[in-house]
Structures are given as structure tokens and as C-alpha cells.
Amino acid sequence: MKWRSIDIISRAVFILCVPFLLLTAVIAIAFNSVSLYEYGFDKYNVVSTTGLARTELVKSAETLISYFNSGDEYIDLIVEKDGVEFELFTREESIHMKDVKGLVRLDYGVLAGTLAYVLV
């Protein structure tokens, strides 16, 4: 009887893990996809709204991806507009990005945990 209960519980946990595995995998892929950022730049016409060159926007997307996967506490993102370099994020926005990074890391942890459980 004891083994039957463990079997039922492990199957139920497996069934619950699959949606979490899929959701966290999609989130991780989205946060690491330069093409998704580029899609957003095009859809919302970011080049004209910000005045930043597309190359600067792509560089900023690549820097964001690197930041989310680094050990850096705060993001340091410098872009150039009309020949002048400046920090893209204010201090408050950098603090917010630190919080976002924490959520991305939480997603990675749930992804790793559910993947490990599903594979075992």
C-alpha cells in the first residue's frame, strides 16, 4: 500500500511538472532570443520613437541577454545616439532590471528542477 501511494504521488507530481516545464522553457527561450527583441523593435517602431539606430537596439538586446545570464548585479548598458554615448537605464530602471533578473533566474531554477524531475 505504501508503494502504491508513492507511485500515485510521483505520477501526480510528474503531471504537474510538465506544464511548468513547458512554460518555463518558453520564458527562458523568449528572454534569450534576440529575434524576439527585434520583432518588438519593429512592431512598436522603436527606431523612430527613440531615435536610436537599429544596430544600437540590437546591441542593447544582446547586452540585456548577457546581463540576465551573468553574475553582474546591475546592468551597465551604454548606447550611442547622434554620436553621443549615454546610459540607457536610469538608476531606478537598473534596480528594476535587477528584480527582473531575479525573476529570470527563478524561471531558470524552476526549469532545471522540473526538467530534472521529468527526466528521472
Inset, instruction - Treat each ILVMFWY residue as a node, draw an edge where side-chain heavy atoms are under 4.5 Å apart, and state whether V100 and Y108 are in one component. - result: yes
Inset, instruction - Flag the pair S94 / R91 as yes when at least one side-chain heavy-atom distance between them is below 4.5 Å, and no otherwise. - result: no
Inset, instruction - Answer yes or no: is there a donor N or O on one side and an acceptor on the other, between the side chain of Y37 and the main chain of L57, under 3.5 Å? - result: no
Inset, instruction - Grab the two heavy atoms, one from T24 and one from F20, that are nearest each other, plus how far apart they are. - result: OG1-O, 2.7 Å
Legend entry - Approximate separation, where rounding is to 0.5 Å, of M97 CE and L88 CG: 9.5 Å
Inset, instruction - State the CZ-CD1 distance between F68 and I65, to the nearest 0.5 angstrom. - result: 8.5 Å
Legend entry - Hydrophobic cluster identity match, I6 and L16, side-chain contacts under 4.5 Å: no
Inset, instruction - Identify whether NZ of Lys or CZ of Arg in K101 sits under 6.0 Å from the centre of the six-membered ring of Y67 and within 45° of that ring's axis. - result: yes
Legend entry - 4.5 Å side-chain heavy-atom contact, E87 and I78: yes
Inset, instruction - Supply the atom-to-atom distance E80 CD to T55 OG1, rounded to the nearest 0.5 angstrom. - result: 8.5 Å
Legend entry - Residues K59, E56: salt bridge by 4.0 Å N-O rule: yes
Inset, instruction - Starting at OG of S66, measure out to CG of L77 and round the result to the nearest 0.5 Å. - result: 10.5 Å
Legend entry - Distance in Å, T63 OG1 paired with D72 CG, rounded so as to fall on 0.5 Å steps: 11.0 Å
Legend entry - ILVMFWY network linking V110 to I29, side-chain heavy atoms under 4.5 angstrom: no
Inset, instruction - Answer yes or no: is there a side-chain heavy-atom contact under 4.5 Å between V26 and L22? - result: no
Inset, instruction - Return the minimal non-hydrogen interatomic distance between E38 and V58, and the atom names on each side. - result: OE2-CG2, 3.3 Å
Inset, instruction - Return the minimal non-hydrogen interatomic distance between V47 and L52, and the atom names on each side. - result: CG1-O, 3.5 Å
Legend entry - S33 side chain vs A30 backbone, donor-acceptor pair below 3.5 Å: no
Inset, instruction - Might you work through the side-chain contact (heavy atoms from CB on, under 4.5 Å) test for V13 and Y117, ending with a clear yes or no? - result: CA-CA 9 Å; V13 171; Y117 189 84; 3.6 Å; yes
Inset, instruction - Give the cluster check for I8 versus I15: same hydrophobic cluster or not, with ILVMFWY residues linked at side-chain heavy-atom distances below 4.5 Å. - result: no
Legend entry - Test item: D42 and R54 side chains (from C-beta on) under 4.5 Å apart, heavy atoms: yes
Legend entry - Donor-acceptor contact below 3.5 Å, side chain D107 vs main chain L103: no
Legend entry - Hydrophobic cluster membership, L36 vs V104, 4.5 Å side-chain cutoff: no
Legend entry - Nearest-0.5 Å distance that lies between atom CZ in F89 and atom OH in Y74: 14.5 Å
